[in-house]
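Just so it is clear, the structure is predicted and the values come from calculations on it, not from any experiment.
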Amino acid sequence: QVQLVESGGGLVQTGGSLRLSCAASGRTFSRNAVGWFRQAPGKEREFVAVVSRSGTSTRYADSVKGRFTISRDNAKNTVYLQMNGLKPEDTAVYYCAAEFMYADWAPNLDDRRYDYWGQGTQVTVSS
């Protein structure tokens with residue numbers, strides 16, 4: 001069992017930066033791939049970025065590539081999402097999620113594969 005708590009959201013102007021954190025409890029966190037997903041009002045939840053168990057494999061949505069960076073510190077049971085160059089279209093509730101992996105496989109982009117979810121943190125980018 002893994003419990004996830006997101007933090008770091010807030011209100012920022014266009015072009016600004018935020019760093020989201022996803023703190024996990026549970027001894028098996030390092031055996032989970034972790035993803036960040038987001039949901040804007042009236043829209044479906046979408047993939048943002050994912051990282052493998054070891055942190056060596058990452059993938060990004062085209063809309064955030066080059067602006068966002070996902071990383072993890074397994075010693076601290078925490079995954080980060082550094083968001084630079086924020087745009088109004090990045091406004092959403094951001095969720096982190098974990099998927100148990102038997103090996104250090106490439107992480108999945110499909111949110112239906114993820115077993116554990118946090119409560120979300122709001123990111124608002126003003127124009």
Side-chain angles (χ1 to χ4, degrees):
Q1 192 81 0
V2 175
Q3 294 181 325
L4 305 171
V5 178
E6 303 96 333
S7 62
L11 173 64
V12 65
Q13 291 186 335
T14 296
S17 298
L18 285 172
R19 189 175 81 156
L20 305 183
S21 297
C22 174
S25 63
R27 294 179 296 173
T28 62
F29 178 68
S30 62
R31 301 180 71 183
N32 284 261
V34 176
W36 285 97
F37 300 85
R38 67 186 181 187
Q39 187 167 22
K43 295 187 177 182
E44 292 189 353
R45 188 166 59 195
E46 64 176 1
F47 154 72
V48 176
V50 292
V51 62
S52 61
R53 292 183 359 171
S54 66
T56 56
S57 177
T58 58
R59 298 184 68 178
Y60 297 91
D62 289 342
S63 59
V64 307
K65 203 171 293 184
R67 299 188 297 124
F68 291 10
T69 303
I70 189 170
S71 62
R72 67 189 296 163
D73 185 339
N74 285 339
K76 295 182 178 179
N77 272 12
T78 303
V79 171
Y80 305 97
L81 185 68
Q82 178 67 44
M83 305 186 296
N84 299 327
L86 283 162
K87 305 175 181 180
E89 51 264 43
D90 294 318
T91 295
V93 178
Y94 283 70
Y95 300 91
C96 68
E99 178 191 5
F100 181 82
M101 294 286 215
Y102 287 98
D104 196 21
W105 297 322
N108 288 303
L109 311 186
D110 185 349
D111 61 355
R112 294 170 296 180
R113 299 293 300 270
Y114 287 78
D115 308 302
Y116 307 104
W117 290 82
Q119 82 291 347
T121 185
Q122 176 70 47
V123 171
T124 303
V125 184
S126 63
S127 57

Which atoms form the tightest heavy-atom contact between [X] and [Y], and what is the distance?
{"X": "L81", "Y": "A49", "result": "CD1-CB, 4.1 Å"}
{"X": "G8", "Y": "L18", "result": "O-CD2, 3.8 Å"}
{"X": "C22", "Y": "W36", "result": "CB-CZ2, 3.6 Å"}
{"X": "L4", "Y": "Q119", "result": "O-OE1, 3.8 Å"}
{"X": "V12", "Y": "G16", "result": "CG2-CA, 3.7 Å"}
{"X": "P88", "Y": "S127", "result": "CG-CB, 3.9 Å"}

Could you tell me whether the side chain of [X] and the main chain of [Y] form a donor-acceptor pair under 3.5 Å?
{"X": "S52", "Y": "P107", "value": "no"}
{"X": "T78", "Y": "K76", "value": "yes"}
{"X": "E6", "Y": "C96", "value": "yes"}
{"X": "N32", "Y": "V34", "value": "no"}
{"X": "N77", "Y": "S25", "value": "no"}
{"X": "R53", "Y": "M101", "value": "yes"}
{"X": "N108", "Y": "V50", "value": "no"}

Cluster link [X] to [Y], ILVMFWY, side chain under 4.5 Å:
{"X": "Y94", "Y": "Y116", "value": "yes"}
{"X": "V64", "Y": "Y80", "value": "no"}
{"X": "V93", "Y": "L20", "value": "no"}
{"X": "F47", "Y": "I70", "value": "no"}
{"X": "L86", "Y": "V48", "value": "yes"}

Once you round to the nearest 0.5 Å, how far does [atom1] of [X] lie from [atom2] of [Y]?
{"X": "Q122", "Y": "L11", "atom1": "CD", "atom2": "CG", "result": "9.5 Å"}
{"X": "S54", "Y": "W105", "atom1": "OG", "atom2": "CH2", "result": "13.5 Å"}
{"X": "E99", "Y": "D111", "atom1": "CD", "atom2": "CG", "result": "11.0 Å"}
{"X": "N74", "Y": "R31", "atom1": "CG", "atom2": "CZ", "result": "12.5 Å"}

Within a radius of less than 6.0 Å around [atom1] of [X], do more than 12 heavy atoms belonging to other residues, nucleotides or ligands occur?
{"X": "Q13", "atom1": "CD", "value": "no"}
{"X": "K65", "atom1": "NZ", "value": "yes"}
{"X": "E44", "atom1": "CD", "value": "no"}
{"X": "E46", "atom1": "CD", "value": "yes"}
{"X": "R67", "atom1": "CZ", "value": "yes"}

| message | Under the rule for ring-ring contact (aromatic ring centres under 6.0 Å, His included), what residues qualify as partners of Y114, not counting sequence neighbours? | response |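 Partners of Y114 by the ring-ring contact (aromatic ring centres under 6.0 Å, His included) criterion, ordered by chain and then number, come out as F37.
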
| query | Just checking, R72 and F29: is the charged tip under 6.0 Å from the six-membered ring centre and within 45° of the axis? | reply |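 Verdict for F29: a cation-pi partner in R72.
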
| Within 45° of the six-membered ring axis of W117 and under 6.0 Å from that ring's centre, is NZ or CZ of R45 located there? |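 Positive - R45 is close enough to the ring of W117 and near enough to its axis.
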
| said: Would you say that R38 contacts S63 through its side chain, given a criterion of any heavy-atom pair below 4.5 Å between the two side chains? | reply: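 Contact flag for R38/S63 side chains = yes.
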
| field | Note, F100 side chain near V2 side chain (heavy atom, < 4.5 Å) | value |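 Sidechains of V2 and F100: no contact.
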
| field | Stepwise salt bridge (charged side-chain N to carboxylate O under 4.0 Å, His left out) check, D90 with K87 | value | CA-CA 5 Å; D90 294 318; K87 305 175 181 180; over 6 Å; no

